[in-house]
Amino acid sequence: MLSVQGFDVNSLTPSQRQAVNHKEGALLVLAGPGSGKTRVITQRVAALINSGVRPSNICAITFTNKAADEMGQRIRASTQGGYGVHISTFHSLCMRILRQYPDETGIKSNFSIYDDRDQVSSIKEAIKYCQVDVTNYTPAKMLGVISRFKNDLTRSGDISQETSDYFSQIAGRIYAAYDKVLARNNAMDFDDLLLKAAFLLQEHPEVRQQLSERFRYLLVDEYQDTNHAQYQIAKGLALAHGNICVTGDPDQSIYRWRGADIANILAFEKDWPDAVIVKLEENFRSSGKILSLADRLISVNTKRKEKSLIATRPEGDDVVIKAYDDAEKEARGVAERIRELIETGVDLNEIAVFYRVNSMSRPIEEAFVAEQIPYQVVRGMEFYSRKEIRDVLGYLKLIVNGADNAAFMRAIGTHPRGIGKTTIDRLAEYASGRMISLYEAAGAATSIEMIAKPTGAKLVSFYNMIEGFKKVADSGVGAVIESVFAESGLEASLRADGEKGQSAVENINELITSAAKYDSQAQEGSLLDWLQMIALYSDSDAYDAEVAKVSLMTLHVAKGLEFDNVLIIGLEEGLLPHERSSVSDDELEEERRLFFVGITRARNNLNIYHAKYRMIRGQFLRTIPSKFLYEIGYNPQASYESDFADDFDDDDSQIDGTSTEKFRVNELVCHSKFGTGRVKEFLDLGPNSIVVVTFNTGETKSLMVKYAKLTRAAR
DNA sequence: GTGAATCATCTTTTT
DNA sequence: GATGATTCAC
């Protein structure tokens with residue numbers, strides 16, 4: 001009855017059937033969690049194919065590569081010849097489009113795709129070039145600003161140097177400089193893929209025409225998490241025929257910080273006035289008790305279209321909510337709970353642990369190791385961001401794209417080779433003077449006056465080595481990596497590095513194996529194709545749902561997945577909701593949706609934990625239970641008071657021997673870390689009094705008086 | 001000029 | 001508590 005995998009049309013609800021059978025024109029599927037949304041999309045694609053539409057005329061866009069793979073498998077399972085359907089993420093689709101139209105965009109198709117670390121080094125260069133105060137314009141901040149510009153399809157030239165405020169002017173200049181750095185390196189960041197594709201469609205009607213002839217039916221999953229650029233791309237692709245189907249749930253929008261705009265759902269009805277709207281409100285996934293908890297939580301959000309969650313399953317087990325003393329005990333509690341579940345015959349791959357930030361996986365992992373519970377951490381880019389892997393990729397990117405200075409720096413710095421900072425600085429000076437890449441400059445290094453002849457010879461031999469690799473590149477990706485690894489000196493340097501080097505060697509061997517696999521599967525895969533593919537491939541895509549292991553992941557990664565048993569940890573103020581997101585009501589509502597997403601992943605069994613103390617930035621701090629706990633109808637205070645004294649009173653006096661002070665509202669205070677601030681609220685709880693302070697940095701923090709070491713500001 | 005060692009900084013979420 | 005920038009010793 002619950003089988004979401006099944007494809008028996010007769011088992012569809014009337015709404016689902018309506019969505020599947022609506023083949024021409026615009027369709028908006030508003031679907032709650034567990035409503036069989038992905039099933040509807042998949043079946044709709046199958047229905048299109050079975051009614052005679054050529055698979056290659058269908059384009060389905062998913063949120064992750066993993067989701068794309070799964071959808072592909074399901075479509076192939078339920079159709080004959082479902083192979084030609086284009087299924088990918090927005091980013092992968094845009095990459096392909098950009099490679100297809102180099103003349104229209106002026107982008108050479110061997111571009112590098114920059115990940116976050118390449119971006120940081122590029123933005124640093126841009127900031128330096130602009131000669132602005134580094135403390136006000138930090139790399140992370142500027143990358144965030146630029147990313148928002150790009151996602152809103154604002155180009156650096158669009159930012160007025162006259163009418164904008166001072167910060168925007170500077171940001172605009174840094175944005176322009178950053179663009180120049182990327183262009184010089186023949187590189188694109190993730191946002192560029194979207195932005196350039198969006199403008200390609202906007203400014204070249206003939207391209208738009210060709211693409212809408214190719215993709216006569218467009219489907220977009222997780223539409224609530226599309227940003228403006230993605231919205232324009234989808235609109236542009238469907239403009240000619242209007243066959244566009246999108247599915248989404250505003251209550252599951254958790255990427256607002258990345259530019260996702262729920263307004264896209266509202267705009268859909270305006271853009272496509274004839275759009276049919278289908279609502280899927282029945283939930284086939286979660287037990288009644290889990291669902292009513294989720295409903296209670298999400299109802300607190302005020303900026304939301306009222307939508308009901310209709311349970312179709314029995315009430316089920318009680319949701320377990322528990323407090324532990326600290327993160328270690330919480331982790332042990334998780335492990336114990338999982339042991340219990342295993343004893344009742346639960347499969348390991350039907351258990352997942354969710355948390356707000358990646359660093360929270362560590363105590364859990366330690367507990368699992370101690371308890372011998374097999375697990376997999378599903379993380380963003382774990383494998384490809386390993387140092388040794390990035391080193392190898394540096395060489396490979398340089399082989400494909402000699403203009404990529406970041407790749408040059410990475411490759412030349414993998415291990416000591418007698419070329420140091422001074423030489424690189426001089427090389428960079430020479431290269432920028434002649435408007436050539438570092439790589440080209442290295443090839444001519446012996447004729448650079450500032451560089452000593454023996455050092456210059458080393459640079460030239462590095463250049464010749466890379467040139468040599470180019471010849472190997474035709475014989476397959478695996479082969480290139482093998483020769484790069486052996487001949488660059490990287491292998492020798494790692495092998496001389498003991499145990500640590502040994503594991504690095506193993507990782508690179510794993511890379512070679514996967515590349516060789518790619519060689520044998522891809523029909524005409526080149527090194528360039530492979531590089532651009534893995535740049536958009538994250539480790540969460542490698543997550544294996546079949547393997548007998550418990551899954552650990554952030555709440556963001558959990559979106560779109562489901563498990564029989566779910567454990568969510570760290571329900572504490574500052575963590576969930578996260579302190580960086582608690583500034584505005586909108587952000588708080590997004591945190592609430594994030595928790596909602598986590599809860600609604602669970603089919604049968606849900607466990608929610610929080611710790612009374614947690615190590616934050618190296619400090620052991622007493623926590624405040626998350627307001628979300630109260631919102632789901634649970635009073636954490638009781639568990640806090642009961643055993644607080646036994647466990648911690650002794651330590652308390654050692655942490656801070658001073659007696660509890662009483663602060664008045666509006667009083668000026670000083671904190672060793674956060675600086676000065678003004679008391680906003682004082683909760684007199686005797687020795688456990690809490691003071692809420694708005695600091696001059698703009699942050700508002702709730703602090704336990706006895707730990708915070710607040711002093712009254714003299715004045 | 002190079003490479004190791006120390007010091008300081010910051011710490012959300014992801015394609 | 002990791003990563004990067006800077007200093008320091010050869």
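Below, chains carry the letters A, B, ... as their sequence lines are ordered, and counting in each starts from 1.
Mapping Glu590(A) and Ile451(A) onto DNA chain B via the closest heavy atom, the residue that lands nearer the 5' end is Ile451(A).
Comparing dA2(C), dT2(B), dT13(B) by their nearest atom to the side chain of Asn358(A) picks out dT13(B). Out of dT12(B), dT14(B), dT15(B), the shortest distance to the side chain of Thr89(A) is found at dT15(B). The side chain of Arg362(A) approaches dA2(C) more closely than any other nucleotide in the set dT15(B), dT14(B), dA2(C). Nearest nucleotide to the side chain of Phe190(A), out of dT12(B), dT2(B), dT15(B): dT15(B). In the set dT12(B), dT2(B), dT15(B), the nucleotide with an atom closest to the side chain of Thr423(A) is dT2(B). Nearest to the side-chain atoms of Thr554(A) among the listed nucleotides dG3(B), dT15(B), dT13(B) stands dT13(B).
Judged by distance alone, the side chains of Asp404(A) and Asn186(A) never bring a donor and an acceptor atom under 3.5 Å apart.
For the pair Lys421(A) NZ and dT6(C) C1', the computed distance is 10 Å after rounding to whole Å. Atom pair Leu576(A):CG and dT12(B):C1' shows a separation of 11 Å (rounding to whole Å applied). Between the CH2 atom of Trp257(A) and the C1' atom of dT12(B) there is a distance of 8 Å, rounded to whole Å. For Arg117(A) and dT15(B), the CZ to P distance is 17 Å, given to the nearest whole Å. Following rounding to the nearest Å, Asp116(A) (CG) and dT12(B) (P) show an atom-to-atom distance of 12 Å. Nucleotide dT15(B) holds its C1' atom 13 Å from the CD atom of Glu222(A), rounded to whole Å. Atom C1' of nucleotide dG1(C) and atom CD of Glu366(A) are separated by 12 Å, given to the nearest angstrom. The nearest whole Å value for the distance from the CZ atom in Arg256(A) to the P atom in dT15(B) is 20 Å.
Between Arg580(A) and dT12(B) there is a side-chain N or O to OP1 or OP2 distance below 4.0 Å. Side-chain N/O atoms of Lys124(A) include one lying less than 4.0 angstrom from OP1 or OP2 on dA5(C). Taking side-chain N and O atoms only, Ser92(A) has no distance below 4.0 Å to OP1 or OP2 of dT15(B).
With Phe199(A) as the aromatic partner, Arg155(A) meets the cation-pi criteria of under 6.0 angstrom to the ring centre and within 45 degrees of the ring axis.
Counting any heavy atom pair closer than 4.0 Å across all strands shown, Ile419(A) reaches sugar-phosphate atoms only and no base atom. In this structure, Phe90(A) reaches neither bases nor backbone, as no heavy-atom distance under 4.0 Å exists between it and the strands shown.
Between Arg99(A) and Asp529(A) there is a salt bridge, since at least one side-chain N of the basic residue sits less than 4.0 Å from a carboxylate O of the acidic one. Using a 4.0 Å cut-off between a side-chain N of Lys or Arg and a carboxylate O of Asp or Glu, Glu573(A) and Lys627(A) qualify as a salt bridge. Ion pairing of Lys128(A) with Glu125(A) is absent here, as no side-chain N (NZ or NE/NH1/NH2) approaches a carboxylate O to less than 4.0 Å.
Interface remark: the Arg356(A) side chain does form a donor-acceptor pair with the dT13(B) base, using a distance-only criterion of under 3.5 Å.
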Quick one, Leu182(A) with Tyr114(A), criterion side-chain contact (heavy atoms from CB on, under 4.5 Å). Give me CA distance, side-chain angles, the key distance, then yes/no.
CA-CA 9 Å; Leu182(A) 289 190; Tyr114(A) 272 10; 3.4 Å; yes
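We find that the ring of His91(A) and the base of dT15(B) do not stack by the test of centres under 5.5 angstrom and planes tilted less than 30°. By the 5.5 Å and 30° criteria, Phe63(A) is not stacked with the base of dT15(B).
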